[in-house]
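Only heavy atoms go into these numbers, but all of them, side chains included; no hydrogens, no water, no symmetry mates.
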Amino acid sequence: MENKAKWLRSRFLQELVVFIAMFVLTMLHEWIKLDTFMAFLQGLIFFILLYGQAQFHLHLVFPLLMAKEYASYFSFFVLSTLVGALGLFALDYYWIAPEVYREPDVSIPMAIVYNFVLCIISTVTILSLFLVRQYSIELQKRSEVQLKLSEMNMKYLHAQLNPHFFFNMFNNLYGVSLTEPARTPDLILRLAELMRYQLENGSRPTVTIREELKFIDNYIAMEQERIGKRCRIHYDLPDEAALPASYRIAPLILITLVENAFKHSVTISRPWFVAIRIRCEDGVLTAEVRNSLPDEALKNTSTGIGLINIRERLEMLYRHQYTLISATEDQEYRITLTLRLNEIKNG
């Protein structure tokens with residue numbers, strides 16, 4: 001209710017500004033003659049009649065044009081404009097300037113034509129201002145709808161990401177519990193830290209790059225515990241002390257790339273490897289992830305949710321500020337993300 005009241009007040013203010021501006025412009029050439037209150041009142045009433053005729057056209061006649069009823073629109077346009085012109089002429093003839101029309105060289109038909117043209121000009125002017133305002137309102141509504149849609153998409157992506165992440169983590173833990181149950185308690189603690197970060201920071205708009213890379217480091221450490229004896233794991237992350245504290249990143253952007261590398265690299269016919277290299281220089285983060293291609297018989301069934309999510313999130317959050325390139329060559333899959341980080345502004 002309060003928002004509606006604000007909207008009404010705002011629209012009233014806009015109408016008032018338009019009315020005053022048009023009154024000044026219309027009476028500008030007669031302004032020097034408005035030297036008395038009566039002269040000002042006559043000019044104001046004349047303009048109110050002119051403005052009212054234009055508003056009548058805007059609200060009652062113009063909709064016929066929008067409905068593509070061209071014949072009816074033209075007929076009502078001519079008729080309403082003529083009525084308005086006759087009203088202005090009558091006001092001028094009987095009250096505002098009757099002495100002018102007593103002069104023998106004054107043509108009454110030309111005076112009516114003058115008022116007719118004046119009505120058309122005022123109608124076109126007000127209609128133009130109305131269309132500009134409507135276009136501005138429409139753009140604002142579209143922006144608000146797009147913003148709400150983006151927020152809904154982000155919530156949807158997070159809703160997809162949470163169970164996807166948890167499923168993979170518990171799947172990893174289940175595999176270790178079957179082969180090396182003695183290591184399970186330590187992995188549970190590591191998993192708890194990973195889940196805590198994911199739950200606490202997953203819904204935040206941004207986290208520091210230090211926090212995100214610490215999360216990646218913990219995840220890789222857990223994978224090393226799980227498959228380190230069979231898979232050659234190499235990772236090169238920036239030193240925490242060298243990372244600017246002022247740079248932030250959307251949470252859980254990088255984990256999808258790392259997670260997919262481990263999930264889709266299993267092979268026994270060739271060396272099994274995962275290589276991760278992340279650099280952060282001059283506010284630009286570059287993450288290169290390489291992994292062996294899986295054997296056909298060992299390929300995991302994938303829904304592709306992870307990469308779909310990351311591409312959609314990057315497009316919504318970092319449009320024109322990122323590149324994501326993937327390639328397959330020499331039994332190796334490579335994906336590279338280059339991303340300009342957001343910096344915390346001081347003050």
Side-chain angles (χ1 to χ4, degrees), residues 161 164-180 183-184 186-187 190-191 193-195 197-198 209-240 243 249 251-280 285-311 313-314 322-339:
L161 185 62
H164 181 256
F165 178 83
F166 291 154
F167 173 79
N168 287 336
M169 287 292 94
F170 281 112
N171 189 49
N172 293 345
L173 185 60
Y174 174 73
V176 174
S177 67
L178 293 178
T179 57
E180 300 180 69
R183 293 165 53 200
T184 302
D186 180 59
L187 291 180
R190 288 184 179 274
L191 178 58
E193 289 297 319
L194 290 171
M195 292 175 66
Y197 178 87
Q198 203 272 346
I209 188 62
R210 292 180 180 179
E211 291 175 313
E212 185 72 2
L213 291 183
K214 180 64 176 176
F215 174 70
I216 297 296
D217 185 64
N218 286 337
Y219 178 84
I220 296 174
M222 183 172 177
E223 289 288 7
Q224 280 185 315
E225 289 291 325
R226 185 176 70 91
I227 59 172
K229 295 179 181 180
R230 294 169 289 156
C231 177
R232 188 174 76 250
I233 301 173
H234 174 75
Y235 65 101
D236 183 10
L237 304 183
D239 181 46
E240 183 176 341
L243 292 172
I249 187 174
L252 307 175
I253 285 286
L254 302 177
I255 186 60
T256 304
L257 305 180
V258 176
E259 186 184 9
N260 280 351
F262 284 104
K263 183 179 179 182
H264 301 294
S265 62
V266 182
T267 176
I268 57 176
S269 61
R270 298 178 305 277
W272 180 8
F273 74 92
V274 173
I276 300 162
R277 185 175 185 270
I278 298 178
R279 286 287 177 266
C280 183
L285 180 139
T286 303
E288 181 187 74
V289 181
R290 299 183 294 114
N291 60 269
S292 52
L293 293 178
D295 293 338
E296 195 66 32
L298 299 176
K299 281 186 177 180
N300 289 320
T301 302
S302 174
T303 61
I305 288 178
L307 284 179
I308 291 174
N309 275 348
I310 190 174
R311 288 185 185 278
R313 293 184 69 206
L314 285 169
Y322 81 96
T323 58
L324 184 64
I325 303 172
S326 60
T328 301
E329 57 182 20
D330 298 329
Q331 302 300 318
E332 173 184 296
Y333 178 78
R334 180 196 306 262
I335 187 165
T336 305
L337 171 64
T338 303
L339 177 68

Closest non-hydrogen atom pair, [X] against [Y]:
X: H264; Y: N291; result: O-ND2, 3.4 Å
X: L194; Y: M222; result: CD1-SD, 3.6 Å
X: S292; Y: S265; result: OG-O, 2.7 Å
X: L257; Y: L324; result: CD2-CD1, 4.4 Å
X: Y197; Y: E212; result: OH-OE1, 2.6 Å

To the nearest 0.5 Å, what is the distance between [atom1] on [X] and [atom2] on [Y]?
X: W272; Y: R230; atom1: CH2; atom2: CZ; answer: 4.5 Å
X: I278; Y: C280; atom1: CD1; atom2: SG; answer: 10.0 Å
X: I233; Y: I220; atom1: CD1; atom2: CD1; answer: 8.0 Å
X: E259; Y: L252; atom1: CD; atom2: CG; answer: 10.0 Å
X: I253; Y: I310; atom1: CD1; atom2: CD1; answer: 5.5 Å
X: F273; Y: E332; atom1: CZ; atom2: CD; answer: 4.0 Å

Do [X] and [Y] come within less than 4.5 Å of each other through their side chains, counting heavy atoms only?
X: Q224; Y: Y235; answer: yes
X: F215; Y: V258; answer: no
X: L285; Y: L254; answer: yes
X: L314; Y: L339; answer: yes

Run the side-chain contact (heavy atoms from CB on, under 4.5 Å) test against T336 and tell me which residues pass, sequence neighbours left out. T286, E288, R334, T338
Pairing residues for D330 by the salt bridge (charged side-chain N to carboxylate O under 4.0 Å, His left out) criterion, not counting sequence neighbours: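 With sequence neighbours excluded, D330 shows a salt bridge (charged side-chain N to carboxylate O under 4.0 Å, His left out) to no residue whatsoever.
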side-chain hydrogen bond (donor to acceptor under 3.5 Å, both in side chains) partners of E193, counting only residues at least two apart: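 With neighbours one apart ignored, the set is R196.
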Report the C-alpha separation of D295 and R270 in whole Å, then their side-chain angles, then the decisive distance to 0.1 Å, and conclude whether the side chain to side chain contact (heavy atoms under 4.5 Å, CB included) test is met. CA-CA 9 Å; D295 293 338; R270 298 178 305 277; 3.6 Å; yes
